[in-house]
2 protein chains.
Amino acid sequence: MAQDGPAKKQPKTRTTQTRIQRKNTAVLFDAALAVFSTHGFRGATLDQIASAAGMSKPNVLYYFRSKEAIHTALLEKLIETWLDPLRALDENGEPLDEILAYVRRKLSISRDHPRESRLFANEILQGAPRIRSVLSGELKQLVDEKAAVIQRWSDAGKIRDVDPVHLIFSIWSLTQHYADFDAQVHAVLGEETDPYPAAQHYLESLFTRMLSH
Amino acid sequence: MAQDGPAKKQPKTRTTQTRIQRKNTAVLFDAALAVFSTHGFRGATLDQIASAAGMSKPNVLYYFRSKEAIHTALLEKLIETWLDPLRALDENGEPLDEILAYVRRKLSISRDHPRESRLFANEILQGAPRIRSVLSGELKQLVDEKAAVIQRWSDAGKIRDVDPVHLIFSIWSLTQHYADFDAQVHAVLGEETDPYPAAQHYLESLFTRMLSH
DNA sequence: GTCTATAAGGGGATAGAC
DNA sequence: GTCTATCCCCTTATAGAC
(Lines give C-alpha, C1' and ligand atoms only; values in the text may rest on other atoms or scores of the structure.)
Protein backbone atom coordinates (compact mmCIF):
# COMPACT_ATOMS: atom_id res chain seq x y z
CA MET A 1 0.00 0.00 0.00
CA ALA A 2 2.95 2.24 0.43
CA GLN A 3 4.21 3.06 -3.01
CA ASP A 4 2.12 5.31 -5.16
CA GLY A 5 3.34 3.88 -8.46
CA PRO A 6 4.41 6.02 -11.39
CA ALA A 7 4.02 9.54 -10.27
CA LYS A 8 1.93 11.39 -12.79
CA LYS A 9 0.69 9.37 -15.74
CA GLN A 10 0.25 5.81 -14.57
CA PRO A 11 0.91 3.76 -17.72
CA LYS A 12 -1.67 1.05 -17.07
CA THR A 13 -4.32 1.00 -14.41
CA ARG A 14 -3.31 1.98 -10.92
CA THR A 15 -3.95 -1.46 -9.50
CA THR A 16 -2.03 -3.46 -12.07
CA GLN A 17 1.72 -3.10 -12.28
CA THR A 18 3.86 -4.45 -15.08
CA ARG A 19 6.61 -6.89 -14.16
CA ILE A 20 9.22 -4.24 -14.79
CA GLN A 21 7.47 -1.78 -12.49
CA ARG A 22 7.29 -4.32 -9.72
CA LYS A 23 10.94 -5.18 -10.11
CA ASN A 24 12.06 -1.55 -10.24
CA THR A 25 10.12 -0.44 -7.21
CA ALA A 26 11.52 -3.39 -5.28
CA VAL A 27 15.08 -2.52 -6.31
CA LEU A 28 14.40 1.10 -5.43
CA PHE A 29 13.10 0.27 -1.98
CA ASP A 30 16.21 -1.73 -1.25
CA ALA A 31 18.50 1.03 -2.50
CA ALA A 32 16.59 3.72 -0.61
CA LEU A 33 16.67 1.65 2.56
CA ALA A 34 20.45 1.33 2.31
CA VAL A 35 20.99 5.05 1.76
CA PHE A 36 18.39 6.50 4.16
CA SER A 37 19.39 4.12 6.97
CA THR A 38 23.01 5.21 6.93
CA HIS A 39 22.68 8.92 6.20
CA GLY A 40 19.24 9.88 7.51
CA PHE A 41 16.64 11.69 5.43
CA ARG A 42 18.45 14.94 4.77
CA GLY A 43 21.85 13.30 4.54
CA ALA A 44 20.68 10.99 1.78
CA THR A 45 20.74 12.20 -1.84
CA LEU A 46 18.79 11.08 -4.87
CA ASP A 47 22.11 10.56 -6.62
CA GLN A 48 23.15 7.97 -4.03
CA ILE A 49 19.81 6.22 -4.18
CA ALA A 50 19.78 6.20 -7.98
CA SER A 51 23.28 4.81 -8.26
CA ALA A 52 22.61 2.20 -5.56
CA ALA A 53 19.55 1.15 -7.57
CA GLY A 54 21.51 1.18 -10.81
CA MET A 55 19.25 3.72 -12.47
CA SER A 56 19.30 7.39 -13.39
CA LYS A 57 18.01 10.12 -11.10
CA PRO A 58 15.08 11.09 -13.36
CA ASN A 59 14.15 7.45 -13.61
CA VAL A 60 13.92 7.25 -9.83
CA LEU A 61 11.57 10.21 -9.96
CA TYR A 62 9.46 8.45 -12.54
CA TYR A 63 8.55 5.91 -9.87
CA PHE A 64 8.24 8.28 -6.93
CA ARG A 65 7.22 11.88 -7.24
CA SER A 66 9.83 13.08 -4.77
CA LYS A 67 12.57 12.11 -2.35
CA GLU A 68 10.08 12.60 0.45
CA ALA A 69 7.66 10.16 -1.21
CA ILE A 70 10.29 7.41 -1.27
CA HIS A 71 11.05 7.90 2.39
CA THR A 72 7.41 7.93 3.42
CA ALA A 73 6.64 4.85 1.34
CA LEU A 74 9.56 3.02 2.95
CA LEU A 75 8.46 3.84 6.47
CA GLU A 76 4.86 2.88 5.78
CA LYS A 77 5.95 -0.39 4.20
CA LEU A 78 8.03 -1.27 7.26
CA ILE A 79 5.81 -0.16 10.09
CA GLU A 80 3.70 -3.31 10.21
CA THR A 81 6.81 -5.49 10.18
CA TRP A 82 7.94 -3.42 13.09
CA LEU A 83 4.80 -3.93 15.17
CA ASP A 84 4.15 -7.59 14.39
CA PRO A 85 6.60 -9.15 16.88
CA LEU A 86 4.80 -7.45 19.78
CA ARG A 87 1.39 -8.31 18.35
CA ALA A 88 2.38 -11.98 18.57
CA LEU A 89 2.74 -11.82 22.36
CA ASP A 90 0.04 -14.26 23.50
CA GLU A 91 -1.76 -13.81 26.81
CA ASN A 92 -2.59 -17.52 26.89
CA GLY A 93 0.98 -18.68 26.51
CA GLU A 94 3.41 -19.34 29.34
CA PRO A 95 4.39 -15.80 30.44
CA LEU A 96 8.17 -16.12 30.69
CA ASP A 97 8.31 -18.13 27.46
CA GLU A 98 6.22 -15.53 25.69
CA ILE A 99 8.49 -12.71 26.79
CA LEU A 100 11.67 -14.61 25.93
CA ALA A 101 10.22 -15.46 22.52
CA TYR A 102 9.48 -11.78 21.96
CA VAL A 103 13.05 -10.90 22.90
CA ARG A 104 14.34 -13.52 20.44
CA ARG A 105 12.11 -12.20 17.65
CA LYS A 106 13.33 -8.66 18.21
CA LEU A 107 16.95 -9.76 18.37
CA SER A 108 16.53 -11.68 15.11
CA ILE A 109 15.22 -8.53 13.47
CA SER A 110 18.31 -6.62 14.59
CA ARG A 111 20.52 -9.35 13.16
CA ASP A 112 18.62 -9.89 9.90
CA HIS A 113 17.29 -6.38 9.24
CA PRO A 114 19.72 -3.89 10.75
CA ARG A 115 19.05 -1.29 8.05
CA GLU A 116 15.35 -1.23 8.88
CA SER A 117 16.23 -0.78 12.53
CA ARG A 118 18.54 2.13 11.78
CA LEU A 119 15.95 3.73 9.52
CA PHE A 120 13.50 3.86 12.41
CA ALA A 121 16.21 4.91 14.84
CA ASN A 122 17.16 7.82 12.60
CA GLU A 123 13.55 8.88 12.34
CA ILE A 124 12.83 8.72 16.06
CA LEU A 125 16.14 10.31 17.01
CA GLN A 126 15.16 13.36 15.00
CA GLY A 127 11.86 13.66 16.80
CA ALA A 128 9.86 11.28 14.56
CA PRO A 129 8.59 14.14 12.35
CA ARG A 130 7.13 11.77 9.76
CA ILE A 131 5.76 8.96 11.96
CA ARG A 132 4.73 10.68 15.15
CA SER A 133 1.08 9.95 14.50
CA VAL A 134 1.80 6.24 14.13
CA LEU A 135 3.74 6.24 17.39
CA SER A 136 1.05 7.95 19.42
CA GLY A 137 -1.70 6.05 17.62
CA GLU A 138 -1.14 2.48 16.54
CA LEU A 139 2.03 1.92 18.57
CA LYS A 140 0.73 3.42 21.82
CA GLN A 141 -2.47 1.42 21.54
CA LEU A 142 -0.56 -1.81 21.00
CA VAL A 143 1.77 -1.11 23.90
CA ASP A 144 -1.11 -0.28 26.19
CA GLU A 145 -2.82 -3.53 25.26
CA LYS A 146 0.24 -5.72 25.76
CA ALA A 147 1.27 -3.88 28.91
CA ALA A 148 -2.11 -4.83 30.34
CA VAL A 149 -1.43 -8.47 29.49
CA ILE A 150 1.93 -8.32 31.29
CA GLN A 151 0.31 -6.58 34.23
CA ARG A 152 -2.24 -9.39 34.55
CA TRP A 153 0.53 -11.99 34.45
CA SER A 154 2.28 -10.07 37.19
CA ASP A 155 -0.89 -9.65 39.26
CA ALA A 156 -1.57 -13.38 38.98
CA GLY A 157 1.91 -14.11 40.32
CA LYS A 158 3.04 -15.79 37.13
CA ILE A 159 6.00 -13.43 36.83
CA ARG A 160 7.62 -11.13 39.36
CA ASP A 161 6.28 -7.64 39.83
CA VAL A 162 7.47 -5.34 37.08
CA ASP A 163 6.58 -2.08 35.30
CA PRO A 164 5.13 -3.45 32.06
CA VAL A 165 5.74 -0.44 29.83
CA HIS A 166 9.34 -0.04 30.94
CA LEU A 167 9.77 -3.78 30.43
CA ILE A 168 8.73 -3.29 26.81
CA PHE A 169 11.04 -0.26 26.47
CA SER A 170 13.89 -2.35 27.81
CA ILE A 171 13.28 -5.12 25.28
CA TRP A 172 13.31 -2.58 22.47
CA SER A 173 16.47 -0.84 23.62
CA LEU A 174 18.44 -3.97 24.46
CA THR A 175 17.72 -5.74 21.19
CA GLN A 176 17.85 -2.78 18.82
CA HIS A 177 21.14 -1.68 20.32
CA TYR A 178 22.97 -4.42 18.42
CA ALA A 179 21.68 -3.10 15.08
CA ASP A 180 21.62 0.64 15.75
CA PHE A 181 24.97 0.85 17.55
CA ASP A 182 26.62 -1.82 15.45
CA ALA A 183 29.64 0.43 14.82
CA GLN A 184 30.28 0.77 18.54
CA VAL A 185 29.60 -2.89 19.32
CA HIS A 186 32.14 -3.95 16.72
CA ALA A 187 34.65 -1.33 17.81
CA VAL A 188 34.58 -2.86 21.28
CA LEU A 189 34.35 -6.55 20.36
CA GLY A 190 36.46 -6.47 17.20
CA GLU A 191 35.24 -6.43 13.63
CA GLU A 192 35.32 -10.22 13.29
CA THR A 193 33.17 -11.06 16.29
CA ASP A 194 29.51 -11.96 15.80
CA PRO A 195 27.86 -10.47 18.90
CA TYR A 196 24.50 -12.21 18.48
CA PRO A 197 25.06 -15.63 20.08
CA ALA A 198 26.43 -14.05 23.27
CA ALA A 199 23.77 -11.34 23.14
CA GLN A 200 20.97 -13.88 22.97
CA HIS A 201 22.38 -15.84 25.88
CA TYR A 202 22.87 -12.67 27.92
CA LEU A 203 19.38 -11.35 27.26
CA GLU A 204 17.63 -14.64 27.98
CA SER A 205 19.50 -14.90 31.23
CA LEU A 206 18.71 -11.27 32.11
CA PHE A 207 14.95 -11.53 31.58
CA THR A 208 14.76 -14.95 33.19
CA ARG A 209 16.47 -13.72 36.35
CA MET A 210 14.39 -10.58 36.44
CA LEU A 211 10.98 -12.18 35.90
CA SER A 212 11.02 -15.66 37.41
CA HIS A 213 10.50 -16.24 41.09
CA MET B 1 41.25 21.57 23.65
CA ALA B 2 38.70 21.17 20.95
CA GLN B 3 38.13 24.58 19.46
CA ASP B 4 40.81 26.04 17.28
CA GLY B 5 39.94 29.65 17.93
CA PRO B 6 39.61 32.28 15.19
CA ALA B 7 40.27 30.48 11.99
CA LYS B 8 42.98 32.32 10.11
CA LYS B 9 44.35 35.41 11.77
CA GLN B 10 44.11 34.89 15.51
CA PRO B 11 43.58 38.40 16.86
CA LYS B 12 45.63 38.00 20.03
CA THR B 13 47.81 35.10 20.99
CA ARG B 14 46.45 31.61 20.42
CA THR B 15 46.45 30.72 24.10
CA THR B 16 44.68 33.80 25.37
CA GLN B 17 41.06 34.41 24.45
CA THR B 18 39.23 37.63 24.97
CA ARG B 19 36.08 37.55 27.05
CA ILE B 20 33.98 38.04 23.96
CA GLN B 21 35.66 35.13 22.21
CA ARG B 22 35.06 32.86 25.16
CA LYS B 23 31.45 33.86 25.36
CA ASN B 24 30.83 33.46 21.64
CA THR B 25 32.42 30.05 21.35
CA ALA B 26 30.38 28.89 24.32
CA VAL B 27 27.17 30.20 22.75
CA LEU B 28 28.17 28.61 19.46
CA PHE B 29 28.81 25.21 21.03
CA ASP B 30 25.39 25.28 22.62
CA ALA B 31 23.70 26.29 19.37
CA ALA B 32 25.62 23.71 17.35
CA LEU B 33 24.77 20.99 19.86
CA ALA B 34 21.08 21.80 19.56
CA VAL B 35 21.12 21.73 15.76
CA PHE B 36 23.48 18.79 15.13
CA SER B 37 21.77 16.61 17.73
CA THR B 38 18.36 16.93 16.11
CA HIS B 39 19.29 16.93 12.43
CA GLY B 40 22.57 15.01 12.23
CA PHE B 41 25.68 16.37 10.57
CA ARG B 42 24.46 16.67 7.00
CA GLY B 43 20.95 17.64 8.01
CA ALA B 44 22.21 20.60 10.00
CA THR B 45 22.87 23.91 8.27
CA LEU B 46 25.08 26.83 9.19
CA ASP B 47 22.03 29.05 8.91
CA GLN B 48 20.29 27.12 11.66
CA ILE B 49 23.37 27.16 13.86
CA ALA B 50 23.95 30.86 13.27
CA SER B 51 20.40 31.84 14.05
CA ALA B 52 20.32 29.60 17.12
CA ALA B 53 23.48 31.34 18.28
CA GLY B 54 22.07 34.77 17.43
CA MET B 55 24.85 35.64 15.04
CA SER B 56 25.41 35.88 11.31
CA LYS B 57 26.70 33.00 9.23
CA PRO B 58 30.04 34.61 8.36
CA ASN B 59 30.52 35.39 12.01
CA VAL B 60 30.12 31.73 12.85
CA LEU B 61 32.84 30.99 10.30
CA TYR B 62 35.05 33.56 11.93
CA TYR B 63 35.21 31.32 14.99
CA PHE B 64 35.38 27.97 13.21
CA ARG B 65 36.90 27.45 9.80
CA SER B 66 34.11 25.17 8.63
CA LYS B 67 30.93 23.35 9.53
CA GLU B 68 32.99 20.20 9.91
CA ALA B 69 35.30 21.94 12.39
CA ILE B 70 32.37 22.85 14.64
CA HIS B 71 31.12 19.28 14.64
CA THR B 72 34.53 17.79 15.34
CA ALA B 73 35.20 20.28 18.12
CA LEU B 74 31.84 19.43 19.71
CA LEU B 75 32.49 15.70 19.65
CA GLU B 76 35.99 16.08 21.04
CA LYS B 77 34.74 18.35 23.78
CA LEU B 78 32.11 15.82 24.81
CA ILE B 79 33.96 12.55 24.54
CA GLU B 80 35.61 12.74 27.96
CA THR B 81 32.29 13.58 29.60
CA TRP B 82 30.99 10.51 27.88
CA LEU B 83 33.66 8.16 29.21
CA ASP B 84 33.93 9.50 32.75
CA PRO B 85 30.93 7.70 34.28
CA LEU B 86 32.45 4.33 33.39
CA ARG B 87 35.91 5.42 34.55
CA ALA B 88 34.42 6.02 37.98
CA LEU B 89 33.49 2.36 38.39
CA ASP B 90 35.61 1.33 41.36
CA GLU B 91 36.91 -2.22 41.78
CA ASN B 92 37.22 -1.72 45.53
CA GLY B 93 33.63 -0.66 46.03
CA GLU B 94 30.74 -2.97 46.77
CA PRO B 95 30.08 -4.58 43.33
CA LEU B 96 26.30 -4.25 43.10
CA ASP B 97 26.39 -0.71 44.49
CA GLU B 98 29.07 0.26 41.99
CA ILE B 99 27.04 -1.04 39.07
CA LEU B 100 23.82 0.57 40.27
CA ALA B 101 25.67 3.85 40.79
CA TYR B 102 26.97 3.61 37.21
CA VAL B 103 23.43 3.02 35.96
CA ARG B 104 22.23 6.06 37.88
CA ARG B 105 25.03 8.24 36.51
CA LYS B 106 24.20 7.19 32.95
CA LEU B 107 20.49 7.73 33.48
CA SER B 108 21.16 11.18 34.89
CA ILE B 109 23.11 12.04 31.76
CA SER B 110 20.17 11.01 29.60
CA ARG B 111 17.88 13.20 31.67
CA ASP B 112 20.18 16.21 31.96
CA HIS B 113 22.06 16.03 28.66
CA PRO B 114 19.77 14.44 26.08
CA ARG B 115 21.20 16.50 23.23
CA GLU B 116 24.69 15.20 23.88
CA SER B 117 23.31 11.67 23.91
CA ARG B 118 21.55 12.17 20.60
CA LEU B 119 24.65 13.74 19.06
CA PHE B 120 26.62 10.57 19.80
CA ALA B 121 23.73 8.36 18.75
CA ASN B 122 23.54 10.15 15.40
CA GLU B 123 27.25 9.73 14.89
CA ILE B 124 27.35 6.03 15.77
CA LEU B 125 24.17 5.24 13.86
CA GLN B 126 25.85 6.53 10.72
CA GLY B 127 28.85 4.27 11.23
CA ALA B 128 30.83 6.61 13.51
CA PRO B 129 32.80 8.09 10.58
CA ARG B 130 34.32 10.84 12.70
CA ILE B 131 34.94 9.04 16.00
CA ARG B 132 35.67 5.48 15.00
CA SER B 133 39.26 5.76 16.19
CA VAL B 134 38.11 6.90 19.63
CA LEU B 135 35.70 3.98 19.86
CA SER B 136 38.23 1.31 18.94
CA GLY B 137 40.97 3.06 20.93
CA GLU B 138 40.11 4.85 24.13
CA LEU B 139 36.61 3.40 24.52
CA LYS B 140 37.57 -0.22 23.79
CA GLN B 141 40.47 0.00 26.20
CA LEU B 142 38.26 1.38 28.96
CA VAL B 143 35.60 -1.27 28.38
CA ASP B 144 38.19 -4.05 28.41
CA GLU B 145 39.56 -2.74 31.66
CA LYS B 146 36.20 -2.42 33.41
CA ALA B 147 34.94 -5.71 31.97
CA ALA B 148 37.91 -7.37 33.66
CA VAL B 149 36.88 -5.77 36.95
CA ILE B 150 33.34 -7.10 36.57
CA GLN B 151 34.69 -10.52 35.61
CA ARG B 152 36.75 -10.63 38.80
CA TRP B 153 33.70 -9.69 40.89
CA SER B 154 31.83 -12.47 39.17
CA ASP B 155 34.65 -15.01 39.61
CA ALA B 156 34.86 -14.12 43.29
CA GLY B 157 31.16 -14.86 43.66
CA LYS B 158 30.34 -11.26 44.61
CA ILE B 159 27.80 -11.01 41.81
CA ARG B 160 26.13 -13.68 39.72
CA ASP B 161 27.82 -14.98 36.61
CA VAL B 162 27.38 -12.54 33.74
CA ASP B 163 28.97 -11.57 30.42
CA PRO B 164 30.72 -8.34 31.47
CA VAL B 165 30.87 -6.64 28.06
CA HIS B 166 27.23 -7.31 27.28
CA LEU B 167 26.41 -6.07 30.77
CA ILE B 168 28.06 -2.78 29.86
CA PHE B 169 26.26 -2.69 26.50
CA SER B 170 22.98 -3.23 28.29
CA ILE B 171 23.61 -0.35 30.68
CA TRP B 172 24.35 1.93 27.76
CA SER B 173 21.32 0.92 25.74
CA LEU B 174 18.83 0.93 28.61
CA THR B 175 19.82 4.34 29.92
CA GLN B 176 20.47 6.13 26.62
CA HIS B 177 17.15 4.88 25.27
CA TYR B 178 15.31 7.49 27.34
CA ALA B 179 17.27 10.32 25.71
CA ASP B 180 17.71 8.98 22.19
CA PHE B 181 14.17 7.64 21.74
CA ASP B 182 12.54 10.38 23.76
CA ALA B 183 9.99 10.98 20.98
CA GLN B 184 8.82 7.38 21.16
CA VAL B 185 8.87 7.21 24.96
CA HIS B 186 6.66 10.28 25.15
CA ALA B 187 4.37 9.06 22.38
CA VAL B 188 3.69 5.95 24.46
CA LEU B 189 3.60 7.51 27.93
CA GLY B 190 2.03 10.84 26.99
CA GLU B 191 3.79 14.16 26.58
CA GLU B 192 3.27 15.19 30.19
CA THR B 193 4.78 12.15 31.84
CA ASP B 194 8.31 12.32 33.22
CA PRO B 195 9.64 8.80 32.54
CA TYR B 196 12.75 9.08 34.68
CA PRO B 197 11.49 8.23 38.18
CA ALA B 198 9.88 5.01 36.96
CA ALA B 199 12.86 4.28 34.71
CA GLN B 200 15.27 4.55 37.60
CA HIS B 201 13.18 2.27 39.77
CA TYR B 202 12.79 -0.24 36.93
CA LEU B 203 16.50 -0.31 36.09
CA GLU B 204 17.65 -0.64 39.69
CA SER B 205 15.28 -3.51 40.17
CA LEU B 206 16.40 -5.13 36.91
CA PHE B 207 20.11 -5.07 37.69
CA THR B 208 19.61 -6.03 41.31
CA ARG B 209 17.60 -9.11 40.37
CA MET B 210 20.05 -10.06 37.65
CA LEU B 211 23.24 -9.69 39.66
CA SER B 212 22.51 -10.50 43.29
CA HIS B 213 22.36 -14.06 44.54
C1' DG C 1 34.58 41.41 15.31
C1' DT C 2 30.71 41.81 12.62
C1' DC C 3 28.31 42.81 8.63
C1' DT C 4 26.47 42.62 3.34
C1' DA C 5 27.27 40.71 -0.90
C1' DT C 6 28.51 37.06 -3.65
C1' DA C 7 31.02 33.19 -5.54
C1' DA C 8 30.88 28.17 -6.30
C1' DG C 9 28.84 23.90 -6.10
C1' DG C 10 25.49 20.44 -4.64
C1' DG C 11 21.04 18.53 -4.98
C1' DG C 12 15.87 18.10 -6.06
C1' DA C 13 13.00 18.25 -9.70
C1' DT C 14 11.37 18.99 -14.70
C1' DA C 15 11.56 19.14 -20.03
C1' DG C 16 11.66 16.79 -23.82
C1' DA C 17 14.06 13.53 -27.03
C1' DC C 18 14.25 8.65 -27.94
C1' DG D 1 10.35 3.63 -19.51
C1' DT D 2 14.65 5.64 -19.70
C1' DC D 3 17.88 8.98 -20.93
C1' DT D 4 20.53 13.80 -21.37
C1' DA D 5 20.25 18.41 -20.46
C1' DT D 6 18.88 21.93 -17.63
C1' DC D 7 16.60 24.92 -14.18
C1' DC D 8 16.78 26.86 -9.71
C1' DC D 9 17.07 26.86 -4.95
C1' DC D 10 19.71 25.90 -0.97
C1' DT D 11 24.07 25.74 1.39
C1' DT D 12 28.98 26.36 2.34
C1' DA D 13 32.45 29.43 2.25
C1' DT D 14 34.97 33.82 0.98
C1' DA D 15 35.69 38.91 -0.13
C1' DG D 16 35.83 43.10 1.50
C1' DA D 17 33.54 47.23 3.74
C1' DC D 18 32.80 49.16 8.30
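Convention: sequence-line order gives letters A, B, ...; per-chain numbering from 1.
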Exercise. Quick one: is A:Asn59 getting a side-chain N or O under 4.0 Å of the D:dC3 phosphate, OP1 or OP2?
Worked result: yes
Problem set entry | Residues in side-chain hydrogen bond (donor to acceptor under 3.5 Å, both in side chains) contact with A:Lys140, at least two apart in sequence or another chain | A:Asp144
Problem set entry | From D:dA13, C:dT14, D:dT2, nucleotide with atom closest to B:Ser66 side chain | D:dA13
Problem set entry | Residues which pass side-chain hydrogen bond (donor to acceptor under 3.5 Å, both in side chains) with B:Lys23, listed by chain and number, not counting sequence neighbours | none
Problem set entry | Minimum-distance nucleotide to B:Tyr62 side chain [options: C:dT2, D:dT12, D:dG1] | C:dT2
For this session: Please name all residues satisfying side-chain hydrogen bond (donor to acceptor under 3.5 Å, both in side chains) with A:His113, sequence neighbours left out, ordered by chain then number.
Result: none
For this session: Measure the distance from NZ on A:Lys67 to C1' on D:dC9 and round it to the nearest whole Å.
Result: 14 Å
Exercise. Between C:dT2 and B:Tyr63, is there an OP1 or OP2 to side-chain N/O distance shorter than 4.0 Å?
Worked result: yes
Problem set entry | Contacts of type side-chain contact (heavy atoms from CB on, under 4.5 Å), residue A:Ser205, not counting sequence neighbours | A:Arg209
Exercise. Do you see a donor-acceptor pair shorter than 3.5 Å between the side chains of A:His186 and A:Tyr178?
Worked result: no
For this session: Take atom CG of B:Asn24 and atom C1' of C:dG1, then tell me their distance rounded to the nearest Å.
Result: 9 Å
Exercise. side-chain contact (heavy atoms from CB on, under 4.5 Å) with B:Thr38: which residues, sequence neighbours excluded?
Worked result: none
Exercise. Roughly how many Å is it from CG in A:Leu61 to C1' in D:dT4, rounded to a whole number?
Worked result: 15 Å
Seminar exercise, completed: Between CZ of B:Phe64 and P of D:dA13 the distance, given in whole Å, is 13 Å
Exercise. Between atom CG in B:Leu28 and atom C1' in C:dT2, what is the gap in whole Å?
Worked result: 13 Å
For this session: Return the residues of residues 33-58 of chain A meeting this criterion: a heavy atom under 4.0 Å from some atom of DNA chain D. Order them by number, or give none.
Result: A:Arg42, A:Ser56, A:Pro58
